[in-house]
Each structure stands twice: as structure tokens, then as C-alpha cells.
Number of protein chains: 2
Amino acid sequence: MNRKMIDSRTKQILFAVVQSYISNPEPVGSRFVSKKYNFGCSPATIRNVMSDLEDLGLLAQPHTSAGRIPTDKGYRMYVDMLQSSEPQQNDFDVDMDFFAAYTNKLEAMKNDMSGMFSEVTNTLSSMSNYIGLALPPKPDRTTFNRIDLLKYRGDQIVAILVTDEGVIKNRIIASGSNLEQKDLNRISDYLNTEYGGYTIDEIRDILIYRIKKEKALWDNLISSAIKICEQALSFSDEDMFVSGFYDVVNLPDFSDISRIKDIARAIKEKHLILKLMNELSNTEGVHVMIGSENPIEELRKLSIVTSTYKEGDRKIGIVALIGPTRMNYTGAIYMVENIARCISRTFER
Amino acid sequence: MNRKMIDSRTKQILFAVVQSYISNPEPVGSRFVSKKYNFGCSPATIRNVMSDLEDLGLLAQPHTSAGRIPTDKGYRMYVDMLQSSEPQQNDFDVDMDFFAAYTNKLEAMKNDMSGMFSEVTNTLSSMSNYIGLALPPKPDRTTFNRIDLLKYRGDQIVAILVTDEGVIKNRIIASGSNLEQKDLNRISDYLNTEYGGYTIDEIRDILIYRIKKEKALWDNLISSAIKICEQALSFSDEDMFVSGFYDVVNLPDFSDISRIKDIARAIKEKHLILKLMNELSNTEGVHVMIGSENPIEELRKLSIVTSTYKEGDRKIGIVALIGPTRMNYTGAIYMVENIARCISRTFER
DNA sequence: TATTAGCACTCTAACACCCCGAGTGCTAAT
DNA sequence: ATTAGCACTCGGGGTGTTAGAGTGCTAATA
């Protein structure tokens, strides 16, 4: 056998081992492989090959007299094989009709982002039994299109923030002073010409800068405008949707209490995952991170499958599944990919 | 010893056993009680008393040669003793100043109910290491005060729903037809005179009835009004806030995997807990349910401490802590009670 | 009559031990 | 290059033993 190149049969045996282990979490032995899959060779041969695979760091033995289980590197090769070959038949009982219907369902929820995305994570997790994640279009990174201010009762104002993705948020704020609708119109005109096109992050920076430097210069109206804008833009950054923790504890992979603690900690440290998701939201299509490949310490024993969704050509958010490294990658990829596609379609209309 | 009446020393010994077990989850033996607490009697005497307590069903032995642990009934008596005696010194390092400051913090979030209540559950859970729950003022059960409709762009309308507790929700809806602001005013006037004072639940019923019976009779405007009202009132009923699952798995009480599964299932079945909370939201002040006292199968091994919060005299919602039956009741009661008080104060202003 | 000391008894957790079976690695034959 | 055969290894499950903690009971005591 060559140093670098792995011959086709070897690859297939790796594939078989991984697939067997995924469907049944028992170390897989040579006899089993030789019997179950038809490679036309005896257990002894398989043994040799598996031994090679172990040397390559693709398989490992829990202990001497046990079968092999895949290493993270082994899963990696398996996933790469999956993705280079043609679409696998999915293991979940959802077909394309489901996703078509689902797109319509999401479409109907378009006005309620948070409802829509909690629906998405619920579906992801309940169909897969893994943990579903979703990042809605982040205001920070979207372009401010316009803000509208409507007078409400007393000194209260309804601020409606519109970005390129549509209405993001509306909230009621107290202006402090009693402004007329025409004042509000002047304020929003000012804000829209001044800030239109910037991302919300940038606007925040500008605001902070201005407040420091030029405070004294402004007239009352502008000062109100800034104040209102500040209030209207102050979103919580905790905008990540997670669900499915409660199913995942039933997976055999989490029969060990310490694994559950790991996963609990990982989810609790939302900001870490958030950061990772943000980094990944530049990637195109489906992306898989396996165990130790993961930059986040807390996720080193888990795998994460992500896919960005888009509006037109712009990637505006991301959905994901988190599960054990012994994950049904075929199914997870299929789900994540198609759900992301549903969301994209929703934004297109 | 009398049949029914338990003498004071016996009670105190029960108290000691429970408290010891709560602070350290080991069956407590007679020698230990006699040494640690000063009852001025020997282990043998304690043993007799503990044996009596076991006959009364207040203590139990995991096995013959182990110490005693409290039964649910034992915890019940303990909690009753707690509540009849004067306020215990709390075990958490929060004093009244904390709650005063906390009230202000909540005050500032009053415009953002969901933010406020997720803040509440986070605080509850992180300070106690149990699971924090909160039920915001339920729209269904609150009285509809008025609805305001503001024209926004195109056929879109901002609907602002006001109840006796203040602004509950504002959402953007599409009217379908292009209405002027004065039409909207007529619609909202109609809705307000027609439905003001009813609870939202009742309104929903009325709407359904009317839609069936009188559909043909209405003019266009009223039909729009109903349509809008329907849309505006269609809240998700998933309005319960939960947090702290991730800390609770670290408690020694959940070192057993099956216990974790129990608790995971309990939380997943939100509607059950929701129902319980609804039932409890008529109770006055703090309420404790211990293990088997619980009507919900899934919670039979857990305890729940609840407290309603009020606006004036009306109880409008509830907060709670869920933990193991071996719970720090003193601390949990203290936290729940005071947090509920903070919320009440917030609504008063 | 309530309390206590003393003692026999019970039960668990921990450890040692053994054996079975599954699965391997190696070697020699094909 | 493949294979059959065989010795070897290791974990899991069952058994036996022991130490220690805690009890219940009895008889003595205040």
C-alpha cells in the first residue's frame, strides 16, 4: 500500500465501519464487516486493512480485544466521501414535498421573525433528535434601510425599523418630550438620509462618536432623534434560537453523565456558539465540523452541521444541528441544507 | 408518645435530619445527629425517635443499615415548620438591597416583557442553581383595555394592544385593503367599545361565534376590523420562560442519568407545567409542592416553589423554581418570594 | 417512665478473583 | 495478496470476602 494514497477498497471498508457504527454504537469487528458487507474477502483480510486504517489514525480501538470505532479523522473522511459522491438517500422520512409545504408555512410567519425561527429550530431538532440552532438575520450586520416613527399616545412613539430583509423590529419608546407627528417625520427623515445604507453596527459607532464630540451643537430635535434612534437600535444580542436539548439526552451517546454536562455547558455558553456561528456565516452551503476540529473547547466532543441561508446572493443567517460525533451525517446534512433552502426561499418572495 | 401529636423534640430532630440531608446528601444517622446538634441525649434516644419518625412516614431508610433520609411527607412537615416560624436567614448571598436594585432594573425593562421575564428566570436560576420559571401576564386572562391601530406603509398596520397591565404587544399586520388612518380610527373605536372590558379569551370566543353566525351581515370595514383584531390577538401560547437546565445537571441529585431524563421530559412537556402554573396562579403568596404532592406525573420526583405576582390586588402571573425534592427550601422560598415582589412593584409604578 | 450503654445483627460498598467470549495480531500455508 | 489457524488480550459479569456504618433490641440506670 502506498504511503499517501488509500486504495478504493480500503476506503470502502472505512465507509462501512463508520456507517455501521453510526447506525449501531458498538465497536465493529472484522468478522462483522466481512459478513454484513460483501467485499469478497475474509475477516483476516479485513483485519489487515482495519489495522492499516488504525495506523492512519482513521479508526481506533477502545481496548485491545474490541472492534474498531471511527476517530474524528475517520468521520472526516467519511463525510468528505459523502459530500463528493452524489446525494445519499436520506434516512429521515421527509421528502421534497415536505420542504415545499414547509416553505409555505414559514412564508406565513414572515412577520414574526422570532416565531419563525423557533419553529425552524423545533423542526430541525424534532426531526433529527439533535440540537437545532438558528441565527436570524442579524440586525448588526444588516443594512439599515429606514426607520419610521409613528406618534402614539402621550410622549410614546412607535419606532419601526426596516432593513433590507424587511421589518426587523418594532418597539414602543418614550421620547421624553411631547413631539408632534410632523416633528417625528422630520426626525425620521433626518435619520434616514443620515444613516441609510450603513449597517446597524456602524450606526451605533457613529452615534457614540457624535454623542461625545458634538453634543453641544445639536438642536433639540436632533437630540431627540439621536435618543430615539439609540433606543430603537438597542436590541438584545441574545438572538440565537436553540432547541432539542431534551431529545438529545436520550441518545445512547449521552448515556454518560459527563457528556451531558459537556453539552449542557456548551449550550449555556451561548456566546461561544454565537461567535462560531458568526464565523461560519461566511461559508457557502453546508459545512461540517467534527469533534476536535471544533475551535470551541466545549464542543470538542460534538459535531456541528451548518448551512447559511440567503437573500438573493447575500448570506444573511445560518442554521445548524449539533449532535454527537457519532452523528447521522447524511440525514443531518440533508435536513440542514433543505431547511436553509426553505428559509432562503421565504426571503426571496 | 401520642398518636397524632408529635412532641417538640421529635419535631426538632426531624428538622435537624432534613436540614442536614439538604446540606449534604448522605443518609443521616443517629450518632451524627446527637453529636452535631445538641439535643442533650444519646444516639440511642435519637434512634428511638427516628424510628418513630419512620413509623410516621416522615423518614425512610434506603436500606437497613443506613441512616435516614426524609420522605416527601417529611419535607412537607419541614417546610410547614419553616413557614410557620419566622423568616429564616437566607442561604443565598443576596440581601434586600439587591432586590431594591433589581426592581429598578426590571422597571427599566418594562417595555420589553419578554426581555424582562427572561431576565427574571435567568436570575432565579443562576442564584439558586435550580430551574427558573416565569409566566408573564397572560393575555388570555387579562382584560382587554384598548387596541390602537396606526397606519403604516402600504396596506400595513401597526396594531398596539393595551391591557390593564400596560402595553402587551405590538405587531405589524397586513390589512389586505388600503385603509386610511380615519378608517383605522373608526375600526379601533368599534373594537374598543365592543370589546373593552372583556378578557382576551372571551373576545376570541365572541369572534369565532360572530364569524360563523353573522358573516354576511357585516360591512367591509367591520369585516376588516374583525380580521385585524384576530390577527392582533393571535399570540403564541408558548409564553413561558424557563432557564437553568444547564446548572441543574450539576447537582448531585441528578448524578443519575434517569433523573436527568425525567427532568428533561418535564421541561419538554411545557404545556403540562403551564397548566399547573395556571392552576397555581390563584394561590396567594408562596406555594410549595413537594415530589409526590405534584399532580404532574413528570414532576413527581421534583419540587416546585411558586409565587404569584400582582398588580394592585390582582394576581396576574407567577414565577417558580423547580428543583429536586432535596431542595434548599429556605433559599428557594426566599428567592421566589422576593423576585415576585420585585415584579409586583414594577407593575405598580 | 424515659433514657442509656452494650451488643448482636444487617446491609452496602469496595476489592479481589475468576472465567467467558469476542476480537485481535501473528505466522505459516495457499 | 489472501487466508486459516491459533495464541493472546482484555472487558464484563458473576462470586466471595471484608470492613464499616448504622440499626434494633435488651437490660441496666436515673
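Below, chain A is the first sequence line, B the second, and so on; all start at residue 1. Computed from a predicted model, the values in this text were never measured in an experiment.
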Engineer: Please work out which of the three classes, parallel, tilted or perpendicular, describes the rings of A:Phe15 and A:Tyr78, given edges at 30° and 60°.
Structural biologist: tilted
Engineer: Return the nearest nucleotide to the side chain of A:Arg47; candidates are D:dC10, D:dT2, C:dG25.
Structural biologist: C:dG25
Engineer: Can you tell me the distance, in whole Å, between the CG atom of A:Asp52 and the C1' atom of D:dT2?
Structural biologist: 14 Å
Engineer: Of the options D:dA21, C:dG23, D:dT23, whose atoms approach the side-chain atoms of B:Ser65 most closely?
Structural biologist: D:dA21
Engineer: Here's a test of your reading of the structure: between B:His63 and B:Pro43, which maps to the more 5' nucleotide of DNA chain C?
Structural biologist: B:Pro43
Engineer: Please work out which of the three classes, parallel, tilted or perpendicular, describes the rings of A:Tyr21 and A:Tyr75, given edges at 30° and 60°.
Structural biologist: tilted
Engineer: From the options C:dC11, D:dT3, D:dT23, select the nucleotide whose nearest atom is closest to the side chain of A:Cys41.
Structural biologist: D:dT3
Engineer: Rounded to the nearest angstrom, tell me the gap between atom CG in A:Asp7 and atom P in D:dA1.
Structural biologist: 11 Å
Engineer: D:dA21 P sits how many Å from B:Ile46 CD1, rounded?
Structural biologist: 19 Å
Engineer: Looking at the side chain of A:Asn48, which of C:dT24, D:dT23, D:dT3 is the nearest nucleotide?
Structural biologist: D:dT3
Engineer: Do the side chain of B:Asn129 and the main chain of B:Val248 share a donor and acceptor less than 3.5 angstrom apart?
Structural biologist: no
Engineer: Would the number of heavy atoms belonging to other residues, nucleotides or ligands and lying under 6.0 Å from CZ of B:Arg31 be above 12?
Structural biologist: no
Engineer: Check the distance between D:dA21's P and B:Gln61's CD and give it to me in whole angstrom.
Structural biologist: 17 Å
Engineer: Spell out yes or no: do the side chain of A:Arg31 and the base of C:dG23 have one donor N/O and one acceptor N/O closer than 3.5 Å?
Structural biologist: no
Engineer: Distance-only, no hydrogens or angles: does the B:Thr325 side chain make a donor-acceptor pair with backbone N or O of B:Ile290 under 3.5 Å?
Structural biologist: no
Engineer: Among the nucleotides C:dG25, C:dT4, D:dT23, which one has an atom lying closest to any side-chain atom of B:Ser42?
Structural biologist: C:dT4
Engineer: CD1 of A:Ile13 versus C1' of D:dT2: gap in Å, rounded?
Structural biologist: 12 Å
Engineer: Quick one: look up who C:dA28 pairs with, Watson-Crick or G-U, both distances under 3.5 Å, and put none if it's unpaired.
Structural biologist: D:dT3
Engineer: If you only use heavy atoms from C-beta on, which nucleotide in C:dT10, D:dT2, C:dT24 is closest to the side chain of A:Met50?
Structural biologist: C:dT24
Engineer: Check the pair A:Leu280 / A:Thr283 against side chain to side chain contact (heavy atoms under 4.5 Å, CB included), numbers first and verdict last.
Structural biologist: CA-CA 5 Å; A:Leu280 287 172; A:Thr283 59; 4.1 Å; yes
Engineer: Name the pairing partner of D:dC8, where a pair is Watson-Crick or G-U wobble with both distances under 3.5 Å, or state none.
Structural biologist: C:dG23
Engineer: Once you round it to whole Å, what is the distance between P of C:dG23 and NZ of A:Lys36?
Structural biologist: 14 Å
Engineer: Considering only heavy atoms and no angle criterion, is a donor-acceptor pair shorter than 3.5 Å present between the side chain of B:Thr64 and the base of C:dC11?
Structural biologist: no
Engineer: Could you state the CD1-P distance from B:Ile69 to D:dA21, rounded to the nearest angstrom?
Structural biologist: 19 Å
Engineer: How many whole angstroms separate atom CD of A:Glu26 from atom P of C:dG21?
Structural biologist: 17 Å
Engineer: Taking the nucleotide of DNA chain C with the nearest heavy atom to each, does A:Arg68 or B:Thr45 sit closer to the 5' end?
Structural biologist: B:Thr45
Engineer: If you only use heavy atoms from C-beta on, which nucleotide in D:dT2, C:dT24, C:dT4 is closest to the side chain of A:Arg9?
Structural biologist: D:dT2
